[in-house]
Amino acid sequence: MIDNLPKNYDPKSFEDRIYKHWMDNGYFKAEVNPDKKPFSIVLPPPNITGELHLGHALDHTLQDVLIRFKRMQGFETLWQPGTDHASIATEVKVVERMKQDEGLTKQDVGREGFLERAWKWRDEYGRVIVDQMKKIGNSCDWSRERFTLDEGCSKAVTEVFIRLYEKGLIYRGNRIINWCPDCKTSLSDIEVEHEERMGNFWHIKYPIKDSDEFVEIATTRPETMLGDTAIAVNPEDERYKHLIGKTAILPLMNREIPIIADEYVDLEFGTGAVKITPSHDPNDFEIGLRHNLPQINVMKEDASINSNGGKYAGMDRYEARKQIVKDLEELGLLVDIKERNHSVGQCYRCDTIVEPLTSDQWFVKMEDLAKPAIEAVENSKIKFIPQRFDKIYLHWLENIKDWCVSRQLWWGHRIPAYYCQDCDEIVVSRETPSECPKCGSGDFKQDEDVLDTWFSSALWPFSTLGWPEKTKELEYFYPTDVLVTGYDIIFFWVVRMAFSGIEFMKDVPFKHVFVHGLVRDAQGRKMSKSLGNGVDPIEIVDEYGADALRFTLVTGNSPGNDIRFHMERLDASRNFANKLWNATRFVLMNLTDEEISYDEVKTELNIADKWIVSRLQGVIKEVTDNMEKFELGLALQKTHDFIWNEYCDWYIEMTKTRLYGTDINRKKAAQYTLTYVLENILKLLHPFMPFITEEIWQNVPGFKDSVIIADWPVSDEKLIDVEIERSMELIMDAIRNIRNIRAEMNVVPSRKARLLAWTGREDTKDIIVKGEEYFKSLAGISEIEFVSNKEEIPSDAVAAVIDGGELFLPLEELIDLEKEIERLSKEKEKLESEIKRVNGKLSNKGFVEKAPAHLVDEERDKKVKYEEMLETVLERLKTLESK
RNA sequence: GGGGAAUUAGCUCAGCUGGCUAGAGUGCUUGCUUGACAUGCAAGAAGUCAGUGGUUCGAGUCCACUAUUUCCCACCA
């Protein structure tokens, strides 16, 4: 007897120790190894803005499962970890902290002072994040940890910027962009979140010059009228045709603006006349270009009105709006105020309402880059799982616009563009240029702006492997095998990695994109700080263990779908861990140090041994298939069911008589099989529940090294025995039947009963003989007696009808006739409905002719079986009712 | 305006390419201190697979429409 495990599963007592064991042995380390096939995943680098949440835990668990699976399969696995500097998000946080702790602003401390604080922040949170990932069990190669703002990544960013610039794919221009007045930076289109809101639609009339006429326009943002430079109408609009070419007077500013015709204007919408503000509306901007209209920007960087706004200069944009409406009203130019639902753009980091405005920015030209990225998905070089996401990806890329990549921030990669202070020349270069190619001046100033944070994450799959150097890692591990990420960052990240990888590596960055959903709270709401409904994964690990958390996240989750997180499910997961723990304890308590070989026991293996071994092979095959197809939830569910229902509930119980018996050979067969199956169970479960499987593994004598590096099991066809499985099904079915009778008849568990078996077929008899010991140990049977003539059965016995026979329990005084009739009637109804169903199928000519032969045969077999059983039941009912 | 997803037991969800009597966890009912586990064991009740059509020998699964919920995308001022 080996008794080295405590009675209850206590993850805290071993998880940290196990993780250290893995680290000390270098099991996570990836090497370039030409003798092995590579398998690589890059971790979506978590933002250093804070601590990890359940969404990360899900994302990381899925990756760890895949990596561990492949590692066991013998691949050279690289899970490349790292963190993201998250330019704008982190800058917002650092600014907040600075204000709170020191009462200082960015301007107070200056660029250098700010960056100093930001790096401090990064050191702090970078460490926290890594610690949290370790707690969850992630087997990343920590020796390769990277940061998007480290030296290597920065070098890659500069290189990419320069190469794109030289290719003409990056340009600087004055365009309309999204401006966040709070972060005081430009934003790309996807960094703006649109929300429907109720707002006002102000109808304003503009006087026509040299006329008594007015033209009425409608706007949701009256303050932008300060920058109006035209009025546009549809050229086909009969109402306004006569005004085209005339001049209107812009109220409040008293500026003369032309009335122009443009197809863009919708006759049906609003008044059919549109005020044109090229500097503050993307459509107006386009119209302005078409008609050579001047651009008048009326806002400062905090969105207050600038000197172009006349008497409103200095006012906040909403204050100005109020005043403008009031002034218009006083002038009698405000015609109407209507309520209207319209969409408002907000900054994705601070929720401030974004202003579109014209500004000098850097852009990436997207058309040429998008094309091959579209093709990569179209011809399946990149496959989305589930597939439906390729539509989303394609739609986005097909409608892509140029990407504004400059940000008026400090925390990030500074743009490698230098401006000659003596002429207007721009030089894009790896380092500060010494001489202006145009005027010869040596006086340069680097662009103040930094790059969009996604510019650097786009390079992650190759920048982390050493690009632009031609490293052996890059050669060996690129392209990565699968990218695991949430659907919410397909646009931000997946798309950009795709076109960057294709452009600079001439190959896709990943072959599969395994998409998961968001983790929501029990009510289905997004977890967020402001709602206070976030769950800290580390608290869960402390309370339930990392394995229970991982189990909870993987089960009940299918690709691409959100999951609701119910704390109660953690109990179930923990209970499963405890179950496995105790099953192992049972096995260990019944082992000796002596090693048992297969040859020693092979002639002693009985029906139960052969059954569980056969079933194991089936499970191995199915689970492996599921894993290969990214069906991780299914794989885990099947492993769980096998362990609990088949191994624990049936097989372990079936070994007890032999383990407690005196026949040493029979005992050894059970010990051998228990151990063999346990070993395989631990392997199958390890990717999902790495800690408990490792802890158990190392406590079983004879299990070599660590389960983390054990070979993934391969299903052995030779060990699959359909006949045995069928026999065992019959025995288990009979046992359930007897248990059911005993429960319904309220037979006390301690009361053993004789079993009288009548069998119509020889094979059924054989099976019952083989299962005799299990009827005794699992169904409370004292002895089995076969009868050839039903007349010998006492009339007060209770019957269980099985395939090919009838089992009688003579319970004498305990029998409740009515109850027994009721029970059998239920049985009868069930059989009748089954027979009806089977007959329906078999009498259908189409089914018999077109369905696969084995299915038809199966139905025929069933028909015979059920009809036999029904006959027996009817007979029995007749006997009872005559009493 | 366009696109996607969801709708299966009281609750939370699986159900992969159409083929056993539709499953699990949890909750519920009943009985168990059975020498691994009460974080457990055994037995049980519980489903019109949202609705309507269609394809098929066969539909929870495929197609169309409808309803409800939900997410994403979009420049209608």
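Throughout, a chain's letter reflects where its sequence line sits, starting with A, and its residues are numbered from 1. Note that the structure is a prediction, hence the values are computed from the model and not measured.
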Inset, instruction - Could you check whether A:N844 gets within reach of a base, just the sugar-phosphate, or nothing at all, counting any heavy atom under 4.0 Å? - result: sugar-phosphate
Legend entry - Options B:G3, B:C73, B:G19, nucleotide nearest the side-chain atoms of A:A851: B:G19
Inset, instruction - With RNA chain B as reference, determine whether A:Y866 or A:V265 sits nearer its 5' end, using the nearest nucleotide of each. - result: A:Y866
Legend entry - Given RNA chain B, 5'-ward residue of the pair A:K638 and A:A743, judged by closest heavy atom: A:K638
Inset, instruction - Using a 4.0 Å heavy-atom cut-off across all strands, classify A:E834 as base, sugar-phosphate, or nothing. - result: base
Inset, instruction - Tell me which nucleotide among B:A45, B:A43, B:C16 gets nearest to the side chain of A:E631. - result: B:C16
Legend entry - Nearest-Å distance once atom C1' is located in both B:A9 and B:G23: 10 Å
Inset, instruction - Please measure how far the C1' atom in B:G25 lies from the corresponding atom in B:U8, and state the result in whole Å. - result: 15 Å
Inset, instruction - Could you check whether A:N626 gets within reach of a base, just the sugar-phosphate, or nothing at all, counting any heavy atom under 4.0 Å? - result: base
Inset, instruction - Quick one: the dot-bracket string of RNA chain B, using Watson-Crick and G-U wobble pairs with both distances under 3.5 Å, [ ] for crossing pairs and | for bases paired to another strand. - result: (((((((..((((.....[...)))).(((((.......))))).....(((((..]....))))))))))))....
Inset, instruction - Give a yes/no answer on whether the side chain of A:T220 brings an N or O atom under 4.0 Å of OP1 or OP2 in B:A77. - result: no
Inset, instruction - For B:A50 and B:U70, measure between their C1' atoms and round to the nearest Å. - result: 15 Å
Legend entry - Gap separating the CE atom of A:M627 from the CG atom of A:L636, nearest 0.5 angstrom: 9.0 Å
Legend entry - Residues that A:K638 engages under salt bridge (charged side-chain N to carboxylate O under 4.0 Å, His left out), provided they are two or more places apart: A:E622
Inset, instruction - Remember a base hit wins even if backbone is also touched, and classify A:E568 as base, sugar-phosphate or nothing at under 4.0 Å, heavy atoms. - result: nothing
Legend entry - Interatomic distance, A:R739 CZ vs B:G44 C1' [rounded to whole Å]: 14 Å
Inset, instruction - Working to the nearest 0.5 Å, report the span between CG of A:D521 and NE2 of A:H566. - result: 8.5 Å
Legend entry - C1' gap between B:A14 and B:A77, integer Å: 49 Å
Inset, instruction - Calculate the interatomic distance between A:L553 atom CG and B:A14 atom P; express it in whole Å. - result: 14 Å
Legend entry - Student check: side-chain heavy atoms of A:E834 and A:K862 closer than 4.5 Å: no
Legend entry - Minimum side-chain heavy-atom gap A:T271-A:Y240 below 4.5 Å: yes
Inset, instruction - Could you run through nucleotides 35-41 of chain B and give me one letter per nucleotide, 5' to 3': B if any protein heavy atom sits under 4.0 Å from the base, S if only the sugar-phosphate is that close, - if neither? - result: BBBSBSS
Inset, instruction - Could you tell me the separation between the CG atom of A:D266 and the P atom of B:A77, rounded to a whole number of Å? - result: 10 Å
Inset, instruction - Would you please test A:H516 and A:N557 for side chain to side chain donor-acceptor pair (under 3.5 Å) and show each step? - result: CA-CA 9 Å; A:H516 61 251; A:N557 176 222; over 6 Å; no
Legend entry - Atom-pair distance (CZ on A:F384; C1' on B:G4), nearest Å: 14 Å
Inset, instruction - Verify the distance criterion only: is there a donor paired with an acceptor across the side chains of A:E773 and A:T657 at less than 3.5 Å? - result: yes
Inset, instruction - Would you kindly say whether A:E191 and A:Y348 are connected by a side-chain donor-acceptor distance under 3.5 Å? - result: yes
Inset, instruction - Can you measure from CE (A:M527) to CZ (A:F565) and round to the nearest 0.5 angstrom? - result: 6.5 Å
Inset, instruction - Determine the Euclidean distance between corresponding P atoms of B:G4 and B:C65; express it in Å to zero decimal places. - result: 10 Å
Inset, instruction - For A:K526, answer base if it contacts any base atom (sugar-phosphate contacts may also be present), sugar-phosphate if it contacts only those atoms, and nothing otherwise; contact means non-hydrogen atoms under 4.0 Å. - result: nothing
Inset, instruction - Taking only the side-chain heavy atoms of A:F269 (C-beta and beyond), determine which of B:C71, B:C16, B:C76 contains the nearest atom. - result: B:C76
Legend entry - Of the listed nucleotides B:C20, B:A77, B:A74, the one nearest the side chain of A:K862: B:C20
Inset, instruction - Would you mind classifying the nucleic acid contact of A:H640 as base, sugar-phosphate or nothing, using non-hydrogen atoms under 4.0 angstrom? - result: nothing
Legend entry - Closest non-hydrogen atom pair, A:Y647 against A:L674: OH-O, 2.8 Å
Inset, instruction - Find the distance A:I563:CD1 to B:A24:C1' and express it as a whole number of Å. - result: 16 Å
Inset, instruction - Verify the contact: side-chain N or O of A:N561 to OP1 or OP2 of B:A5, cut-off strictly under 4.0 Å; return yes or no. - result: no
Inset, instruction - Using only side-chain N and O atoms of A:R742, determine if any of them is under 4.0 Å from OP1 or OP2 of B:A43. - result: no
Inset, instruction - Working to the nearest 0.5 Å, report the span between CD1 of A:I802 and CG of A:D733. - result: 8.0 Å
Inset, instruction - Could you tell me whether the phosphate oxygens of B:A77, OP1 or OP2, come under 4.0 Å of any side-chain nitrogen or oxygen in A:K275? - result: no
Inset, instruction - Take atom P in B:G15 and the same atom in B:A5, then report the distance between them in whole Å. - result: 14 Å
Legend entry - C1'-based separation of B:A22 from B:A59 [nearest Å]: 13 Å
Legend entry - Length of the line joining A:N645:CG and B:A43:P, which is rounded to integer Å: 11 Å
Inset, instruction - For B:A67 versus B:U52, give the span between their P atoms, rounded off to a whole number of Å. - result: 15 Å
Legend entry - Selected nucleotide, minimal atom distance to A:F847 side chain, candidates B:G44, B:G19, B:C75: B:G19
Legend entry - Whether A:W396 and A:F491 hold their rings parallel, tilted or perpendicular, with breakpoints at 30° and 60°: parallel
Inset, instruction - Please work out if A:P852 contacts a base, only the sugar-phosphate, or nothing of the nucleic acid, heavy-atom cut-off 4.0 Å. - result: base
Inset, instruction - May I have the distance from A:Q637 (atom CD) to B:A22 (atom C1'), rounded to whole angstrom? - result: 15 Å
Inset, instruction - State the CH2-OG1 distance between A:W202 and A:T220, to the nearest 0.5 angstrom. - result: 8.0 Å
Inset, instruction - Give one of base, sugar-phosphate or nothing for A:A218, where a contact means two heavy atoms less than 4.0 Å apart. - result: base
Legend entry - Protein-nucleotide distance (A:F551, atom CZ; B:A14, atom P), rounded to Å: 14 Å
Inset, instruction - Check whether any side-chain N or O of A:R569 sits under 4.0 Å from OP1 or OP2 of B:U12, and answer yes or no. - result: no
Inset, instruction - Kindly point out which of B:A45, B:U12, B:G4 is positioned nearest to the side chain of A:H566? - result: B:U12
